[in-house]
Amino acid sequence: MKNDNHASHHVIVPVKTYVAVFVALLILTFLTVFVAQFDFGSFNLLVALIVAMVKASLVVMIFMGLKWNKSFDRFAFFACLIFLFIFFLLVFVDIPLRSYRGVEESQHINLKSPVKLIAPGEAPVHH
Amino acid sequence: MSQVALNYLNATKGLKSWFCTLDHKRIGIMYLICIAVAFGLGGFFALALRLELISPKEILFTAKQYNQLFTLHGAVMVFLFIVPSIPASLGNFLLPLQLGAKDVAFPRLNLTSWYVYVFGALFCVYSMVAGAVDTGWTFYTPYSIDSATSVISMTLGAFILGFSSILTGVNFIVTIHKMRAPGLTWFRLPLMVWALYATSIIQVLATPVLAITLLLLVLERTMGIGIFNPALGGDPVLFQHFFWFYSHPAVYIMILPAMGIMSELVTTFCRKDIFGYKMIAFSSLAIAIISFLVWGHHLFVSGQSDYAAMIFSLLTYLVAIPSAVKVFNWVATMYRGSIQIKAPFLYFLGFMFLFCIGGFTGVMLGALSLDVHLHDTYFVVAHFHYVMMGGTVMAFIGGLHYWWPKMFGRMYNETLALIAWAFVMLGFNMVFFTQFILGSKGMPRRYYSYLDQFQPLHAFSTVGSWVLAVGFILMAFYLIDSLLNGKKAPSNPWGAMTLEWQTQSPPITENFLETPVVTHGPYDFGMEKQS
Amino acid sequence: MSMLVNKPHHVAHHFASEAQEFESARLGMWVFLVQELLFFGALFVAYGIFRWWHPQMFIEAHHYLSWKMGAFNTVVLIASSFTMVMAIRSAQVNERKPLISYLLLTLLFAGVFLGVKYIEYMEKIHHGLLPGHFFSAQGVSEYLHLFFGIYFTMTGLHGLHILVGMGLLVWLLVRAIRGEFHSEFYTPLEMVGLYWHFVDLVWIFLFPLLYLIG
Amino acid sequence: MDTSLQTESLLHTGTTFFPEGVGPFASSMDSLFYFIFWGSVIIFVPLILVSIYFLIAYRRKRENQLATKQMTHSTFLELAWTVPPTILVLIVFVWGFKGFLHMSVAPLNSQEIHVSGKKWFWEFSYPNGNKGIGELVVPVDTPVTLLMTSEDVIHSFFVPNFRIKRDVLPNRYTKLWFEADKVGNYQVFCTEYCGDGHSAMLAVVRVLSAEDYEDWLAEANSGDDLPLDKLGEKLYTSKACATCHSTDGTSRVGPTWKSLFGSKKAFVGGGTATVDENYIHESIVNPGAKVVAGFDNVMPTYAGSLNDREISALIAYIKTLQ
């Protein structure tokens with residue numbers, strides 16, 4: 001069997017790189033919280049997801065070492081992401097296109113004690 | 001090769017040497033025993049069901065008992081028998097042998113997955129004795145949320161069995177990637193290995209979705225989280241999507257390894273190189289991948305959106321093509337071969353006949369408009385039994401007969417094998433061909449009682465189930481007999497080319513005295529001329 | 001496959017070389033993580049469907065979660081991922097003391113994460129913001145229990161993974177103290193590291209999707 | 001089994017594989033079936049015959065006999081058995097899909113009947129306010145749309161002679177339509193497993209001639225139940241809908257009901273939808289879910305204060321306000 005992965009086995013990443021990624025992840029966390037203050041309408045989700053994906057890529061490529069790992073591992077991981085995407089896609093081609101009848105579920109919920117609700121931090125917003 | 005007294009069966013003695021073994025061959029045998037027990041149990045439930053259906057009126061069981069019986073038949077056969085059947089028993093035994101390896105990549109994990117299987121099976125057995133579950137093996141919500149029977153234990157059982165399946169899949173993928181003997185390139189792998197590889201991919205990618213689905217169902221019953229419960233604002237259709245995202249690929253977990261066995265059988269017993277090696281190998285991978293994209297065809301009559309129905313129906317037809325290609329390739333392999341008709345090859349022929357019928361009726365069910373009429377009728381029952389039993393079980397039995405001398409070092413009685421095969425084929429077609437007609441005439445499945453006009457066909461089907469049972473009982477008899485009285489098997493009784501036949505029967509603990517070096521393809525029978 | 005004559009002592013009997021063993025373990029780990037990805041992925045599909053149906057309810061619901069605690073926990077997990085890679089690096093360069101300190105730090109961060117999670121859960125329980133049958137909050141929109149069903153399932157399963165990870169970290173710590181890891185052998189460290197980063201990865205998506213819906 | 005529900009149904013007549021076909025879907029579906037059937041026979045029989053021929057012609061006569069030819073591929077053959085089957089299944093796909101679309105689009109003039117599946121019986125609510133259990137009465141040669149929902153678990157409504165089937169779900173309306181072109185009694189089955197009474201959850205579709213149907217209506221109308229849309233009109237005032245919703249097109253606190261059904265609405269917070277039965281139902285029991293743009297979310301839920309029939313009545317009434 002081929003032995004070309006022996007090198008990847010011994011990749012030693014400089015501390016500098018790890019620290020840089022760590023700092024970048026912190027900044028991106030701050031960014032995602034920061035942009036959540038603004039309302040981009042239906043783009044809110046998109047923005048949050050893009051930031052999350054950048055963070056995830058950093059973790060996968062550097063911390064988990066896929067950048068240096070040229071073997072089948074890398075293919076397996078990305079192929080799986082495609083499968084996950086298809087799963088999402090096909091479920092969303094069906095269920096949201098069906099019409100949905102609201103159900104009187106309020107009758108089924110066990111309303112026990114009248115708890116006054118205080119949201120941590122801020123007051124609930126009603127629309 | 002001269003007979004060496006020491007082999008994996010007698011290398012160490014005592015129960016502990018089996019229950020703590022890390023030898024893939026012993027683990028394969030332990031799986032085989034469990035699977036045989038599960039098949040017997042599931043078969044017993046099936047006979048009981050058929051007996052009740054001999055009359056449209058209640059004769060043996062109440063409606064509730066009947067519902068529990070068909071649920072247990074389905075759950076035992078699917079989760080305990082057919083999903084682990086070929087990969088975990090034959091696969092475990094063969095994979096390292098065919099790769100020329102000493103063991104699978106993670107022997108401890110292998111043993112663990114057997115224990116996980118047994119643990120999961122215990123949950124299922126508990127569910128049977130403690131208020132047997134009556135939801136159908138599909139656990140559709142909201143019925144499974146409200147049912148008063150022991151749904152949770154069966155669900156947890158299937159959940160745990162799923163992990164056993166995942167661990168086996170992980171182990172096989174790594175083994176195939178990393179443990180091949182020197183010179184054994186990807187295109188020199190036996191097609192059984194390709195099939196197991198494709199199977200493992202599905203096991204790893206699909207089973208976790210089943211796991212989370214069943215977990216959510218348990219949470220639904222215990223805490224009412226509401227995701228699948230329409231009474232709480234949830235959606236039962238989402239459950240069906242989740243469930244079939246696993247359970248449709250699971251059908252291919254069952255059939256792909258069977259197809260692998262077919263390729264081994266046809267080459268050995270025709271002394272022919274396989275026709276279209278790459279086509280067959282890649283069609284296994286193609287089936288594995290496309291099988292993930294067709295689950296929605298189980299939801300055609302659930303009010304599915306027209307777009308989704310269109311996509312799923314089209315993709316369903318795409319997955320049919322690679323299966324058809326395999327069948328044609330096997331027939332082509334027989335051309336100008338040197339065909340020896342032995343028991344394993346009889347099962348090869350049985351598979352071809354039954355699987356084709358299963359496949360053609362699958363084409364009918366994949367047609368959107370026809371599916372509306374045929375969905376949830378006996379037509380579907382007959383179709384999947386032709387594929388699962390006519391396909392997978394036939395191949396499993398064929399493979400078992402083929403590798404039996406290698407596994408136990410004994411030959412079985414060929415005449416009795418022929419008679420048993422005849423019973424199985426006759427009985428099977430009696431039971432299930434009638435059900436095609438029942439179904440298209442409008443007989444719904446999971447019916448405890450039925451309209452009088454369906455009785456003749458139902459009764460005929462029930463009589464067929466007895467013929468089938470006789471075949472299997474005979475088989476159990478001569479196989480057990482061979483262990484005790486069978487004549488000693490040579491290392492390569494069929495004259496096959498793959499690596500497992502290059503070591504003694506039964507093999508030694510680490511499989512090969514010396515790691516083999518591979519210089520040619522797995523079915524290179526053309527070489528025999530020179531030698 | 002290289003035929004090593006002198007096998008290092010830790011290579012299992014059925015492997016031919018240390019490289020083969022390491023790569024097998026790493027591939028096995030990745031395939032396992034792929035399985036984990038589908039496991040959580042299905043939950044994200046469920047999340048997506050319910051969010052699509054009840055966008056207003058999701059917006060209301062996220063006001064009952066504390067984004068501050070969520071953000072704090074995100075930072076904690078990222079820090080633990082950082083200490084984890086540093087631990088592996090220490091083993092690679094044969095630095096035993098830093099290895100132990102980094103593992104300890106990772107374990108500490110994991111504990112802090114679960115501690116914060118505990119405070120959050122307690123607050124939810126206090127307000128009756130619980131899944132399904134246990135939901136008792138009033139004056140909220142009627143599908144809110146669904147959000148908390150999803151919230152508790154997702155964060156609960158994630159928390160469970162953290163707990164398993166902590167167990168693995170303790171096991172690593174014991175082996176590290178015994179001095180079993182060095183530049184030629186750190187396979188278990190690498191494997192647990194992959195697992196740990198994956199758990200971090202899940203949280204990276206959970207945090208904005210649950211706490212920052214706007 | 002409850003034999004009172006057993007009909008002199010036409011399940012035993014018809015072809016080998018099908019009960020007698022009634023209505024617009026049967027002929028196309030049966031032809032598709034027989035197309036696949038004969039196509040399969042044309043492929044299957046030669047395949048088996050060739051295999052048997054090979055078995056006989058190339059059987060091993062001596063122990064050491066080798067194959068006479070090693071052939072590992074043939075591009076021509078491989079194309080020959082890949083391309084034609086692909087074309088055939090694509091034909092089948094298109095044929096099936098067209099049939100499916102035909103079944104999912106009901107004619108505009110069809111008569112609407114509400115179907116409710118419960119453990120373990122079928123309840124039918126007619127536009128004139130009548131209700132029937134276990135028996136659906138329809139006139140011959142008239143398109144009928146069934147608007148179906150379940151009270152408990154999933155059921156499925158199956159009439160073999162009509163070749164129609166659709167799941168009946170607890171949180172949705174599903175639709176099914178048919179047009180019986182032959183007078184008679186037709187068996188209805190539940191085909192989604194629903195518990196102990198599953199196999200007894202039967203019903204009959206009675207297809208009557210035009211005159212018989214009139215007679216049946218006259219007899220049934222002697223009851224004092226209001227027709228659905230008349231009941232809806234009554235509820236419009238008695239349940240105070242009129243406070244916020246006009247029927248003449250003027251805008252009050254809420255959107256007018258005039259020409260509401262079938263119109264397209266944009267919602268607060270994004271998204272649009274066409275007003276259909278499901279939307280109206282949702283707006284009654286969960287008004288805050290989709291608030292029409294330009295209005296405030298002030299309507300209280302009517303869940304619990306209106307039963308299903310009353311909600312259906314309001315839907316029927318809104319439909320009349322075109």
Side-chain angles (χ1 to χ4, degrees), chain A residues 1 3 5-6 9-10 12-13 15 18-19 21-22 25-26 29 32-33 36 38-39 44-45 48-49 51-52 55-56 59-60 63-64 69 71-73 76-77 80-81 83-84 87-88 91-92 95-96 100 105-106 109-115 117-127, chain C residues 1-2 19-20 22-23 26-27 30-31 33-34 37-38 41-42 44-45 48-49 52-53 56 59-60 63-68 71 74-75 78-79 81-82 84-86 89 92-93 123 127-128 133 135-140 142-143 145 194 197-198 200-201 204-205 207-209 212-214:
Chain A
M1 195 184 299
N3 204 12
N5 292 321
H6 202 72
H9 175 184
H10 287 292
I12 298 175
V13 181
V15 179
Y18 285 146
V19 172
V21 170
F22 177 51
L25 287 172
L26 290 183
T29 305
T32 197
V33 174
F38 304 100
D39 191 9
N44 283 342
L45 181 66
L49 279 180
V51 176
K55 287 168 75 180
V59 172
V60 171
F63 281 178
M64 297 171 91
N69 184 350
S71 66
F72 182 74
D73 308 0
F77 183 75
C80 164
L81 285 181
F83 266 86
L84 196 55
F87 185 20
F88 260 93
V91 171
F92 270 81
I95 290 186
Y100 176 71
E105 71 285 342
S106 53
I109 300 171
N110 190 4
L111 299 171
K112 285 177 217 150
S113 56
V115 175
L117 204 74
I118 309 142
E122 50 231 282
V125 178
H126 287 288
H127 294 268
Chain C
M1 193 184 299
S2 54
Q20 187 193 19
F22 175 81
E23 281 164 22
R26 195 177 58 184
L27 176 59
W30 273 104
V31 175
L33 292 184
V34 154
L37 198 59
L38 262 300
F44 280 103
V45 173
I49 287 290
W52 191 90
W53 269 333
Q56 294 302 315
I59 288 173
E60 180 187 336
H63 290 296
Y64 302 125
L65 301 180
S66 160
W67 67 266
K68 285 171 191 152
T74 311
V75 171
I78 289 172
S81 260
F82 174 70
M84 191 71 219
V85 287
M86 289 308 289
R89 196 181 181 282
Q92 285 175 328
V93 295
E123 203 159 15
H127 292 306
H133 296 322
F135 190 86
S136 58
Q138 290 205 332
V140 295
E142 58 180 333
Y143 292 105
H145 63 279
L194 287 175
H197 299 310
F198 177 82
D200 187 12
L201 210 62
I204 283 176
F205 284 93
F207 170 58
L209 289 180
L212 299 176
I213 308 157

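Lettering of chains follows the sequences in order, A, B, ..., and the numbering in each one begins at 1. Keep in mind that the numbers below use all heavy atoms, side chains included, and drop hydrogens, waters and symmetry copies.
Considering CH2 of C/Trp67 and CD1 of C/Ile213, their distance stands at 15.0 Å, rounded to 0.5 Å. Remark: A/Asn44 CG to C/Leu212 CG distance equals 10.0 Å, nearest 0.5 Å. Remark: A/Thr29 OG1 to C/Phe207 CZ distance equals 7.5 Å, nearest 0.5 Å.
Contact between A/Val91 and A/Pro96 at its shortest, heavy atoms only, is O-CD, 3.7 Å.
A/Val21 does not touch chain C: none of its heavy atoms, backbone or side chain, sits under 4.5 Å away. Contacts between C/Thr74 and chain A at a heavy-atom distance below 4.5 Å involve the side chain alone, from C-beta outward. Both the backbone and the side chain of C/Phe198 come within contact range of chain A, each with at least one heavy atom under 4.5 Å from a heavy atom of that chain. Contacts between A/Val13 and chain C at a heavy-atom distance below 4.5 Å involve the backbone alone (N, CA, C, O). In this structure, chain A has heavy atoms under 4.5 Å from both the backbone and the side chain of C/Leu27. With a 4.5 Å cut-off on non-hydrogen atoms, C/Val31 does not touch chain A at all.
Checking C/Leu201, C/Asp200, C/Ile204 one by one against C/Ser81, the side-chain contact (heavy atoms from CB on, under 4.5 Å) holds for a single residue, C/Asp200.
The aromatic rings of C/Phe82 and A/Phe63 lie tilted to each other, with the angle between the two planes from 30° to 60°.
Of the residues considered (A/Val19, A/Val51, A/Asp73, A/Thr32), A/Asp73 shows the highest number of contacts with chain C, using heavy-atom pairs under 4.5 Å.
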